[in-house]
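One structure below.
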Amino acid sequence: MAHSGPPIRLFQNWSAKLAATPMILTALVVFIGCSLWTVVYSFTNSRLLPRLDFVGLAQYERLWSTPRWQVSIENLAIYGILALVLTLAIGFLLAVLLDQKIRFEDGFRTIILFPYALSFIVTGVVWQWILNPDFGLQHIIRGMGFSGFTFDPLNNPDLVIVALLAAGIWQGAGLTTVIMLAGLRGIDEDVWKASRVDGIPAWKTYLFIILPMMKPVFATCIVLISAGIIKLYDLVVALTRGGPGIASEVPAKYVYDYMFGNQNLGQGFAASTMMLAAVLAIIIPFALFRMGRKRHV
């Protein structure tokens, strides 16, 4: 009597695979397909409409020789490093404070997370009011008697990045805080009991014991923050519009302006391809890190 072999894995859980088909098709066609289409046309001389007039690396050579793109990359690097470090630090400190079982914790958690519920456009407008020298922070402090106080970062090319950082961190730190707090609440209570028995101060426990245990939480926060940094656009448009001059230009705004403002699709595709490469440089190491962890579990 012939015995049937093991079922083919392709046909296992066919109902789940069928349910995931729309998502798979969307990923293949919309994400992967459109990304490949963008990369291909970045090597063309497309203007108002895409056309297969290949010019090699001419668009990339022009891109990296354009002062506006260079300023955009420099701004993104400065903003990205500072925003990443400060958001992680502030988020972890706020999470530690909330982890002390304080009164009205739910209320504080809601207040901290509230800015994240706002769009970057709203955040930009709010901070534009706060930093406006006529009725914002400068006006208030001068009204308190400090008539010589001057703080107008929106009109200062050297300080405009500070305005973007303040607005971006104000909005993003809340989500990081909540994620960090969830990580802290997931720490086994026996760890805290052992540290108290050994007489280890709380700050040393957080620094040398808890932090290493929260590597996956930090990795998640880093990916989320980095993705937001790379696609930074609407906050700049709402807060500074890339000014003064080109002092606060960012790559996403460069892409939009060249594709829809200057009607130069080839240059916009080249810039967006560079942004795609930056995203892949973040996602791929993170995916490899997670796969490595699963293999060792």
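Index from 1, following the sequence.
- Classification of the Trp37-Phe269 ring pair by plane angle, with boundaries at 30° and 60°, yields perpendicular.
- A donor-acceptor contact shorter than 3.5 Å is absent between the side chain of Gln59 and the backbone of Phe43.
- Aromatic ring centres of Phe108 and Phe104 lie farther apart than the 6.0 Å criterion allows.
- Put simply, the side chain of Thr87 never gets that close to the backbone of Leu84: no donor and acceptor are under 3.5 Å apart.
- Inter-residue side-chain proximity for Phe208 and Ile200 is flagged as unmet; no heavy-atom pair is nearer than 4.5 Å.
- A donor-acceptor contact shorter than 3.5 Å links the side chain of Gln70 to the backbone of Trp64.
- Atom-to-atom distance recorded for Cys221:SG and Phe92:CZ is 11.0 Å, nearest 0.5 angstrom.
- The aromatic ring centres of Trp69 and Tyr258 sit 6.0 Å or more apart.
- With Gln171 contributing its side chain and Leu118 its backbone, the two residues share a donor-acceptor pair below 3.5 Å.
- Ser35 places a side-chain heavy atom less than 4.5 Å from the side chain of Leu276.
- In the hydrophobic clustering, Val125 connects to Trp129, Phe135, either directly or through intervening members, whenever side-chain heavy atoms lie under 4.5 Å apart.
- At a threshold of 4.0 Å, the pair Arg68-Glu74 does not count as salt-bridged, since none of the basic side-chain nitrogens sits closer than that to a carboxylate oxygen.
- In terms of modelled atom types and a separation under 3.5 Å, the side chain of Gln100 and the main chain of Val96 share a donor-acceptor contact.
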